[in-house]
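Only heavy atoms go into these numbers, but all of them, side chains included; no hydrogens, no water, no symmetry mates. Throughout, a chain's letter reflects where its sequence line sits, starting with A, and its residues are numbered from 1.
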Amino acid sequence: MDTPLKRTPLYKAHVEAGARMVPFGGWEMPVQYAGIVEEHRSVRSAVGLFDVSHMGEFEVEGAGALDVLQALTTNDVSALEVGQVQYSILCYPNGTIVDDLTVYRLAGDRFMLTVNASNIDRDYAWVTDYAWITEHQRKEARWRNVSAETGLIAVQGPRAEPLVGRLADQDVTNVGYYRFARGTVAGMPALISRTGYTGEDGFELYAAAADAGRLWAALLEAGRADGVAPIGLGARDTLRLEMKYALYGNDIDDTTNALEAGLGWVVKPAKGEFVGRDALEKIRAEGVRRKLVGIEMVDKAVARHGYPVLRDGRRVGVVTSGSYGPSVDKYIAMAYVETALAAVGTPLAVEIRGQAKAARVVKTPFHPSRVKKA
Amino acid sequence: MANVPKDLKYTREHEWAKQEGGRVRVGITAYAQDQLGDVVFVELPKVGAKVTASKAFGVVESVKAVSDLFAPVSGEVVEVNAELGQKPETVNADPYGKGWMIVVKPSNKAEWDQLLTAEQYEEFLRQGGH
């Protein structure tokens with residue numbers, strides 16, 4: 001249990017900026033700088049920088065790369081153009097989730113996968129060793145785990161586009177949602193991806209780990225007039241919660257299937273065989289037994305991960321994420337509830353310290369998304 | 001080092017206690033609110049409730065965490081800071097003032113002497129605070 005925590009290339013910058021460092025998925029990460037609520041508001045109103053270098057990146061290349069990804073992920077990789085990004089899932093044969101990820105098509109036969117930090121080793125073993133992969137595919141698809149050499153900085157908020165635009169070697173307004181461009185930012189080579197985890201417009205900048213510190217400093221310096229602020233994992237969590245974006249380990253894991261998690265939009269059985277397809281087809285035909293919904297507390301109380309959801313005193317579900325939502329100014333949560341109770345407006349209760357506190361199912365996202373859809 | 005007023009007494013769970021003419025006002029320390037981060041919810045007992053020294057009397061929740069509040073002394077709750085229901089962030093802004101939580105009419109005067117002095121609490125914080 002005492003394995004030393006890993007540090008990103010920006011560790012020193014966080015400590016010098018006075019961040020509070022905490023263990024997260026095997027990493028020592030900043031949970032907050034100025035304070036979670038203030039940082040949350042900076043992202044919604046101006047622009048925030050997130051060190052997400054702890055996330056994992058794999059590259060796969062070769063004549064078999066597309067086939068391997070089609071066999072491993074639920075989304076249809078053949079629909080992905082060069083320069084495009086796709087949200088997707090790695091499933092177990094029973095339809096539960098190994099990880100959620102983004103897939104980048106770097107070239108016709110070359111891809112990058114971005115996976116959750118705490119799952120890097122397990123995912124890499126999964127994609128390279130899984131028995132599903134044929135001998136032919138194994139030979140024709142060469143994998144590289146480039147996590148350690150890759151730095152990743154998310155720039156999110158309404159001022160993200162002008163900030164990145166000033167430092168980039170190209171017009172980033174041309175980079176559409178879930179698309180990316182290669183170029184330089186502040187003179188450093190970067191993959192500029194119009195993606196994020198906040199519900200705001202913005203970019204995720206992939207750069208060499210060795211350049212991450214200078215890129216971070218350049219963004220802070222150039223963004224001063226924009227009101228740029230470094231943002232910790234605490235606000236990252238409240239921002240994504242207001243969007244009802246699932247977090248692996250909280251809302252989705254190896255006990256939840258992709259369909260009940262509301263991720264059916266990235267499950268494409270028509271593309272052909274993939275791990276988990278048969279199970280998911282069966283679940284889809286039979287209908288899901290529970291659904292991941294957004295709930296809002298009616299009584300004043302904070303619902304947290306693991307708290308039971310009740311209806312007339314009967315246990316009907318479980319909270320997976322919950323907190324105060326600074327932008328909606330309400331106590332909000334995500335929870336799995338029985339399908340019959342998943343409709344917007346359904347009155348429920350959350351058991352908090354032995355007491356049933358009133359709640360109801362609400363429309364999500366809790367806060368309107370402002371991502372830049374093409 | 002966090003602000004530790006000299007005229008208060010303290011618990012090892014980071015509550016402060018203040019003598020006010022035979023009654024005891026209770027809140028959490030500057031150190032505690034800083035460690036918690038943004039306070040978003042405070043659950044307090046009702047006036048008339050009985051609290052017991054070293055036992056939980058309520059809950060304070062930050063964005064990230066839930067923490068129990070421990071009574072410095074035993075007795076009856078005679079005042080509750082209802083404003084914290086609407087403005088829990090007051091605990092962060094003014095932990096020793098407007099962010100107070102309850103006032104207790106103590107039932108056992110000897111418990112007061114068990115509490116940490118400001119000097120003892122500062123020493124406790126220097127050693128890590130837990």
Problem - More than 12 heavy atoms from other groups under 6.0 Å of CD on B:Glu20 - result: yes

Handout entry: Heavy atoms of other groups near B:Lys6 NZ, more than 12 under 6.0 Å
Key = yes

Handout entry: Heavy-atom neighbours of B:Arg12 CZ exceed 12 at 6.0 Å
Key = no

Problem - Neighbour count above 12 (heavy atom, 6.0 Å) for B:Glu119 CD - result: yes

Fill in the blank from the handout: B:Phe41 and A:Arg353 have their tightest heavy-atom pair at CE2-NH2, 3.8 Å

Problem - Any side-chain heavy-atom pair of A:Val302 and B:Val66 under 4.5 Å - result: no

Handout entry: Toward chain A, the part of B:Glu43 with a non-hydrogen atom under 4.5 Å
Key = side chain

Handout entry: Side-chain touch B:Asp38/A:Glu38, heavy atoms, less than 4.5 angstrom
Key = no

Exercise for the section: Please check if atom NZ in A:Lys330 has more than 12 non-hydrogen atoms from other residues, nucleotides or ligands closer than 6.0 Å. Expected result: no

Practice task
Measure B:Ala56 against the heavy atoms of chain A and call it side chain, backbone, both or neither at under 4.5 Å.
Solution key: neither

Fill in the blank from the handout: Partner of B:Val63 under side chain to side chain contact (heavy atoms under 4.5 Å, CB included), picked from A:Val31, A:Thr238, A:Asp237, A:Leu241, is A:Thr238

Handout entry: Pair A:Arg20 + B:Asp34, salt bridge at N-O below 4.0 Å
Key = yes

Exercise for the section: For residues B:Glu61 and A:Arg304, report the shortest heavy-atom separation together with the two atoms involved. Expected result: OE1-NH2, 2.7 Å

